[in-house]
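Data block below; observations after.
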Amino acid sequence: MRNKLNVMIVEDEAGDVTELTASIKEHPDELNIVGVSKNSDDAFAFICNHNPHAVILDLELQTGRGDGLELLKRIRSTVLKQRPYVVVNTNNPSKTTLDLAKRLGADYTFVKWQIGYKTELVVNQLLNVMPIILGTEAEPAVQQTEAQIENKLRRLAQDEFNKIGVSVKNAGYGYLVDAVILAIKGDTHQWGKTIGNKIGKKEDSVTHAMQYAINRTWAKADITELQKHYTATPANGISPTTCEFVFYYRNKILNLMNG
């Protein structure tokens, strides 16, 4: 059986959804609609859970919730098994906005009011790139399981911690690694509780161990050497909070993964 391109539509105008759906259904052997949403939060959750090959994205979800630019940011900052090919389909003609969308990861843009626009153009773009998207997906070396992705994140976090001298003897070392991975996956709040529930420890115990590991590292480290690898370190050498530390390495590791 021939593989189909799984497409999600993120659009708040019912008429546009109807037209896009009709155009896509003219190609039943190639394209398959797997989701429709006018809410950027729901769309992000769907993308994380179902990994559509492509997303047709409206930037201004005025009758829905959220916006397309924010969704692009969240896709870019999240480690996914496969990043979707994103076609922006918008009424917004602003060159600044369209350039920003491209910088945030949009692969192609259409402005609905432009002369000659029709939904078939959007669909044709998906058909044009379909062999590339599905061909890439079929490469075993490109596909990574969730476990492989997590192992890579864990190695990157450990390498970074070792550079600044976080002691592996401290229980907080492992908890901090887990917290960074949780933050990358989108859990940005109760790391102590999540980790504690997983290993049978109290939240306060985990939280204290993480901060203790950070404080010990800053207490014994050479401030000049520390600043080479943890560039947010203030000149007076005050240790960061657990939240500051985890988000610093969340962003640093995402940049390493996407670089």
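It should be emphasised that the depicted structure is a prediction, and the values quoted were computed from it without experimental measurement. Here, residue 1 is the first one in the sequence, and each next residue gets the next number.
- Atom OH of Y212 is separated from atom OG of S167 by 9.0 Å, given to the nearest 0.5 angstrom.
- A single hydrophobic cluster is not seen to contain both M8 and V129; linkage of ILVMFWY side chains at heavy-atom distances under 4.5 Å, directly or through other members, places them apart.
- In this structure, N162 and V166 approach most closely via the heavy-atom pair OD1-O, 4.5 Å.
- Within the 4.5 Å cutoff, the side chain of I56 has heavy atoms near those of the I24 side chain.
- Considering only heavy atoms from C-beta on, E30 stays 4.5 Å or farther from L5 through its side chain.
- Although no hydrogens or angles enter the test, the distance criterion places no donor-acceptor pair under 3.5 Å between the side chain of E70 and the main chain of D67.
- Without hydrogens or angle criteria, R216 side chain to N170 main chain gives no donor-acceptor distance under 3.5 Å.
- A salt bridge is absent between D178 and K198: the closest approach of a Lys/Arg side-chain nitrogen to an acidic carboxylate oxygen does not fall below 4.0 angstrom.
- With hydrophobic clusters built from ILVMFWY side chains whose heavy atoms lie under 4.5 angstrom apart, F247 shares a cluster with V206.
- The heavy-atom pair separating N89 from E11 by the smallest distance is O-OE1, 4.2 Å.
- Under the 4.5 Å side-chain heavy-atom criterion for ILVMFWY residues, a single connected hydrophobic cluster contains both Y108 and V122.
- A salt bridge does not link K112 to E13: none of the charged nitrogens lies less than 4.0 Å from a carboxylate oxygen.
- One distance of note links OG1 of T97 with CD of E60; it measures 7.5 Å at 0.5 Å rounding.
- Counting non-hydrogen atoms of neighbouring residues, nucleotides and ligands closer than 6.0 angstrom, the NZ atom of K169 reaches no more than 12 such neighbours.
- The nearest pair of heavy atoms linking S37 to A43 is OG-N, 3.9 Å.
- No salt bridge links D12 with R65; every basic N to acidic carboxylate O contact stays at or beyond 4.0 Å.
- The side-chain heavy atoms of D107 and V87, taken from C-beta on, include no pair separated by under 4.5 Å.
- Using a 4.5 Å cut-off on side-chain heavy atoms (C-beta onward), L127 and L31 make contact.
- Follow the hydrophobic side-chain contacts under 4.5 Å out from L71 and you never reach Y85; the two are in separate clusters.
- The nearest pair of heavy atoms linking V246 to A183 is CG1-CB, 3.8 Å.
- Looking at H50 and V34, their side chains never come closer than 4.5 Å, going by heavy atoms from C-beta outward.
- In this structure the side chain of S40 reaches within 4.5 angstrom of the side chain of L61, judged on heavy atoms.
- By the 4.5 Å heavy-atom criterion applied to side chains, I214 and Q211 are counted as neighbours.
- Side-chain contact of Y248 with T231: a donor-acceptor pair under 3.5 Å is present, judged by distance alone.
- Note on L80: it does not cluster hydrophobically with I253, by side-chain heavy-atom contacts below 4.5 Å among ILVMFWY residues.
- The environment of K102 atom NZ is sparse: at most 12 non-hydrogen atoms of other residues, nucleotides or ligands sit within 6.0 angstrom.
- Here the CZ atom belonging to F110 is positioned 5.5 Å from the CD atom belonging to Q125, to the nearest 0.5 angstrom.
- Of all non-hydrogen atoms in L104 and L69, the two that sit nearest each other are CD1-O, 3.7 Å.
- Side-chain contact between D16 and D58 is absent, with no heavy atoms from C-beta onward closer than 4.5 Å.
- Of all heavy-atom pairs spanning Y249 and H229, the tightest one is OH-O, 4.2 Å.
- Salt bridge annotation for R74-D41: present, with a cationic side-chain nitrogen under 4.0 angstrom from a carboxylate oxygen.
- The distance from the CG atom of L156 to the CZ atom of F161 is 11.0 Å, given to the nearest 0.5 Å.
- Using a 30° and 60° split on the angle between ring planes, F245 and W218 fall in the perpendicular class, above 60°.
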